[in-house]
S.K.: 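To start, I am sharing the structure in question, which I have written as structure tokens.
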Amino acid sequence: MEKTNAHPHLIGAAAGLTAGVVYTLCATVIALWPTQTLNFLNNWFHGIDLTKIAVSTQFTFGKFAAGLIGVLVTFYVIGLIYGIFYNMCYSHCEKRGWI
């Protein structure tokens with residue numbers, strides 16, 4: 001099996017960008033259809049009624065941008081760490097002839 005090198009920065013960038021797109025879509029859907037989105041998300045959390053803890057806040061571009069930056073950085077770091085561990089695990093298994 002030929003190893004394809006995992007480039008941790010590329011994995012981090014891909015994870016960050018993916019999370020950023022999901023975050024942007026989620027913010028857009030919540031801004032357009034808040035009640036329907038909340039009801040949809042209630043189905044994901046068994047036994048927790050999100051409508052009881054939801055608060056109506058002013059949606060601003062500043063809040064969106066701060067959240068987006070936080071998501072991008074967090075998922076970049078997660079992807080970076082994943083890429084580093086992937087390479088370490090691959091090397092470990094390769095040295096033992098497991099792959």
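Side chains included, hydrogens not; waters and symmetry mates left out as well; all remaining heavy atoms used. Each residue takes its place number in the sequence, starting with 1.
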S.K.: By the rule that ILVMFWY residues connect when side-chain heavy atoms come within less than 4.5 angstrom, directly or transitively, which residues belong alongside Val22?
M.R.: none
S.K.: Going only through I, L, V, M, F, W and Y residues with side-chain contacts under 4.5 Å, is there a path from Phe61 to Leu72?
M.R.: yes
S.K.: For the CG atom of Leu32 and the CD atom of Gln36, what is their distance to the nearest 0.5 Å?
M.R.: 10.0 Å
S.K.: Provide the full list of side-chain hydrogen bond (donor to acceptor under 3.5 Å, both in side chains) pairs with a residue in residues 11-27, sequence neighbours left out, each pair given once.
M.R.: none
S.K.: Nearest heavy-atom pair of Val71 and Gly20: which atoms, and what distance?
M.R.: CG1-N, 4.1 Å
S.K.: State which residues pass side-chain contact (heavy atoms from CB on, under 4.5 Å) with Ala27; sequence neighbours excluded, sorted by chain then number.
M.R.: Phe59, Phe64
S.K.: First locate atom CZ of Phe85, then atom CG of Leu80, and finally report the distance between them rounded to the nearest 0.5 Å.
M.R.: 10.5 Å
S.K.: Drop me the distance from Glu94's CD to Cys89's SG, to the nearest 0.5 angstrom.
M.R.: 12.5 Å
S.K.: Give me the atom names and distance for the closest heavy-atom approach of Tyr86 to Ala6.
M.R.: CD2-CB, 3.3 Å
S.K.: For Ile69, which residues count as a side-chain contact (heavy atoms from CB on, under 4.5 Å) partner, sequence neighbours excluded?
M.R.: Val73
S.K.: Taking all non-hydrogen atoms of both residues, which atom of Ala54 and which atom of Leu38 are closest, and how far apart?
M.R.: CB-CD2, 3.7 Å
S.K.: Sequence neighbours left out, what passes side-chain hydrogen bond (donor to acceptor under 3.5 Å, both in side chains) with Asn43? Give chain and number order.
M.R.: none
S.K.: Only counting residues at least two apart or in another chain, list the ones meeting ring-ring contact (aromatic ring centres under 6.0 Å, His included) with His92.
M.R.: Trp98
S.K.: Indicate the atoms forming the closest heavy-atom contact of Lys63 with Gln58, along with that distance.
M.R.: NZ-O, 3.3 Å
S.K.: Can you list every pair that meets side-chain hydrogen bond (donor to acceptor under 3.5 Å, both in side chains) and has a residue in residues 68-78, with sequence neighbours left out?
M.R.: His9-Tyr76
S.K.: Under the rule for side-chain contact (heavy atoms from CB on, under 4.5 Å), what residues qualify as partners of Val29, not counting sequence neighbours?
M.R.: Trp33, Thr37
S.K.: Would you mind listing every ring-ring contact (aromatic ring centres under 6.0 Å, His included) that reaches into residues 36-55, with sequence neighbours excluded?
M.R.: Phe40-Trp44
S.K.: Can you tell me how far apart CD1 (Ile78) and OH (Tyr82) are? Round to the nearest 0.5 Å.
M.R.: 13.0 Å
S.K.: Pro8 and Gly83: which non-hydrogen atoms are nearest, and at how many Å?
M.R.: CG-C, 3.8 Å
S.K.: Can you check whether Leu50's main-chain N or O pairs, donor with acceptor, with Asn42's side chain at less than 3.5 Å?
M.R.: yes
S.K.: Identify, with sequence neighbours excluded, every residue that meets side-chain contact (heavy atoms from CB on, under 4.5 Å) alongside Cys26.
M.R.: Ile30
S.K.: Check side-chain hydrogen bond (donor to acceptor under 3.5 Å, both in side chains) between Asn39 and all other residues, then give those that pass, not counting sequence neighbours.
M.R.: none
